[in-house]
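Both counts, for ligands and for their atoms, begin at 1 and track the order of listing.
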Amino acid sequence: MLFLQLVLLAVLLLGGDSEGDSQEPISFRIILTTSFYSSSSTQNQGSAWLDELQTHGWNNKTGAFRYLQSWSKGNFSNEELLEVQNLFYTYTIRSPSTFHNHIRDWHLEYPFQIQLVLGCDSHFGEASAGFLQLAYQGSDLLSFQNTSWRPSPEGGSRAQKICSLFIEYHVFSEIVHKLLFDSCPRFLLGLLDAGKAYLQRKVRPEAWLSAGSSPGPGHLRLVCHVSGFYPKPVWVSWMRGEQEQQGTLYSDILPNTDGTWYLQVSLDVKSKEAAGLSCRVRHSSLGGQDMVLHWEQPHSMGLVFLVVIVPLVLLAGLAWWLWKRWKAHWRPQCTDFPSEQEPSSPASSTYLNPAQH
Ligand SMILES: *[C@@H]1O[C@H](CO)[C@@H](O)[C@H](O)[C@H]1NC(C)=O
Ligand SMILES: *[C@@H]1O[C@H](CO)[C@@H](O)[C@H](O)[C@H]1NC(C)=O
Ligand SMILES: *[C@@H]1O[C@H](CO)[C@@H](O)[C@H](O)[C@H]1NC(C)=O
């Protein structure tokens with residue numbers, strides 16, 4: 001029993017530790033996609049990502065990096081960034097011709113795509129050695145391991161042929177090795193440091209409830225929307241008192257345009273059982289104080305009658321009474337109209353004939 005308690009305690013402590021730790025594993029990825037349309041037409045697209053946040057864009061005409069965050073240069077000097085930029089540009093100019101020249105040999109067929117992913121990871125403030133992978137039409141072709149290229153098993157003979165050619169380019173392998181084992185880990189740590197304030201910020205969610213499209217007669221879909229939170233980990237549940245409700249449905253956590261996140265959590269219930277349900281939100285920005293939103297009973301028909309119909313009837317009555325009054329007052333004035341004009345004609349004639357004064 002004591003042992004069990006110790007284990008439980010250890011689990012709780014460790015669990016608590018990892019929750020409070022902001023040094024979650026985080027990855028840096030450079031993605032370059034080359035689309036081969038014909039022997040004379042290719043298109044390059046490149047970008048760089050810190051987990052799901054895009055940090056860099058790439059101008060495929062000039063080969064210039066675009067720094068999308070104020071801290072996207074990390075701690076690299078402009079010279080070192082230009083050096084890396086030139087390496088990429090050279091690769092995107094040279095590598096397509098290598099593929100164009102081996103179309104038959106490598107059994108490639110236009111149109112096709114070659115994707116390159118280069119990156120490294122950081123965990124507990126330490127960056128791992130990087131990796132590089134090439135894919136053809138989305139399936140693995142080659143990777144760079146240790147100091148050399150390896151064909152991937154699913155790439156078949158095509159991967160082996162491409163690999164043996166890449167191995168011959170010694171200078172290329174040396175450059176890749178330096179990028180993966182030196183530049184990438186160093187850049188990632190500098191980037192995480194420069195972007196610390198942004199990456200470790202905490203933004204409170206807003207939450208609201210709505211009724212979704214009814215799942216069937218006599219049933220309600222209760223939807224709890226949670227939006228604008230950062231970082232991504234969040235806990236949301238439909239509750240009755242302290243009891244989590246079974247059958248809660250979670251949407252994907254979707255990105256907002258400002259880098260925060262959105263989640264929708266719904267629950268189908270019998271209309272009669274909706275009362276007393278609440279949506280509970282737990283997030284690191286809330287300082288241990290969960291947000292709780294209570295589902296409010298839709299107004300009963302009696303209330304609708306009182307609140308909507310009665311005032312409508314009263315208003316209609318008032319309008320009718322006003323209209324009758326208006327008619328009663330206006331009619332005599334209308335018949336008076338000609339007689340009112342008569343006294344006005346002498347007035348205008350006095351005006352027209354000032355000589356009479
Ligand atoms: C650059 O990328 C855009 C799409 O983002 C594409 O339309 C264009 O053709 C590309 N240009 C080159 C030279 O790859
Ligand atoms: C990488 O090289 C080291 C020695 O240089 C070796 O011990 C290790 O097994 C290699 N790893 C892989 C994945 O080939
Ligand atoms: C950038 O920061 C990393 C990690 O703190 C460090 O290893 C590196 O020397 C710094 N400077 C450059 C130019 O990489």
Side-chain angles (χ1 to χ4, degrees), residues 21-101 103 108 110-132 134-138 174-200 255 257:
D21 200 321
S22 58
Q23 308 214 305
E24 296 276 307
I26 190 161
S27 70
F28 180 66
R29 299 278 181 274
I30 297 174
I31 299 172
L32 184 71
T33 305
T34 311
S35 307
F36 296 80
Y37 295 110
S38 70
S39 57
S40 58
S41 164
T42 52
Q43 232 183 49
N44 284 307
Q45 279 177 289
S47 54
W49 301 76
L50 205 50
D51 280 349
E52 287 143 312
L53 174 73
Q54 190 179 355
T55 50
H56 300 77
W58 186 66
N59 182 328
N60 59 7
K61 295 210 176 63
T62 63
F65 291 150
R66 283 189 292 123
Y67 300 95
L68 302 182
Q69 306 290 335
S70 58
W71 41 271
S72 288
K73 289 185 176 182
N75 65 351
F76 271 28
S77 63
N78 285 335
E79 291 78 49
E80 192 161 16
L81 288 167
L82 272 179
E83 206 179 294
V84 179
Q85 191 173 294
N86 288 338
L87 283 178
F88 270 88
Y89 197 51
T90 311
Y91 171 81
T92 59
I93 299 292
R94 297 244 180 105
S95 107
S97 60
T98 309
F99 284 92
H100 284 305
N101 291 340
I103 289 292
L108 305 170
Y110 297 114
F112 63 92
Q113 272 195 341
I114 298 288
Q115 292 139 312
L116 175 144
V117 181
L118 182 165
C120 47
D121 301 313
S122 155
H123 196 14
F124 291 115
E126 297 213 11
S128 66
F131 64 88
L132 186 153
L134 269 188
Y136 168 73
Q137 298 288 66
E174 272 169 37
I175 292 172
V176 169
H177 186 266
K178 179 168 184 284
L179 276 178
L180 298 188
F181 290 82
D182 173 44
S183 314
C184 191
R186 207 157 38 84
F187 181 69
L188 174 55
L189 290 182
L191 190 66
L192 290 177
D193 193 49
K196 193 157 61 186
Y198 184 84
L199 296 166
Q200 295 181 7
T257 49

Could you see which bit of Phe76 sits under 4.0 Å from ligand 3, with heavy atoms only: side chain, backbone, both or neither?
side chain
Any donor and acceptor pair, going by atom type alone, linking the side chain of Gln137 with main-chain N or O of Gln113 inside 3.5 Å?
yes
The atoms of ligand 1 lying under 4.0 Å from a heavy atom of Asn44, numbered in the order shown, are 1 (C), 2 (O), 14 (O)
If only atom types and distance count, is the side chain of Asp193 paired as donor or acceptor with the main-chain N or O of Leu189 below 3.5 Å?
no
I need the nearest protein heavy-atom contact for atom 11 (N) of ligand 3: residue, atom name and distance, please.
Asn75 ND2, 2.9 Å
Please confirm whether Gln45 comes under 4.0 Å of ligand 1, counting heavy atoms of the residue only.
yes
Counting non-hydrogen protein atoms only, what is the nearest one to atom 7 (O) of ligand 1? Give residue, atom name and distance.
Gln43 NE2, 3.8 Å
Look only at interatomic distance and state if Arg186 has a nitrogen or oxygen under 3.5 Å from any nitrogen or oxygen of ligand 3.
yes
Heavy-atom nearest neighbour in the protein, as seen from atom 5 (O) of ligand 3, with distance rounded to 0.1 Å:
Leu189 CB, 4.4 Å
Between Thr33 and Asn44, a side-chain donor and acceptor under 3.5 Å:
no
Answer yes or no: is there a donor N or O on one side and an acceptor on the other, between the side chain of Asn59 and the main chain of Ala64, under 3.5 Å?
no
Ser95 side chain to Thr92 main-chain N or O, any donor-acceptor pair under 3.5 Å?
no
Under 6.0 Å between ring centres: does that hold for Phe36 and Tyr110?
no
Under 4.0 Å from any heavy atom of Asn60, which atoms of ligand 1 are there?
1 (C), 2 (O), 3 (C), 8 (C), 10 (C), 11 (N), 12 (C), 14 (O)
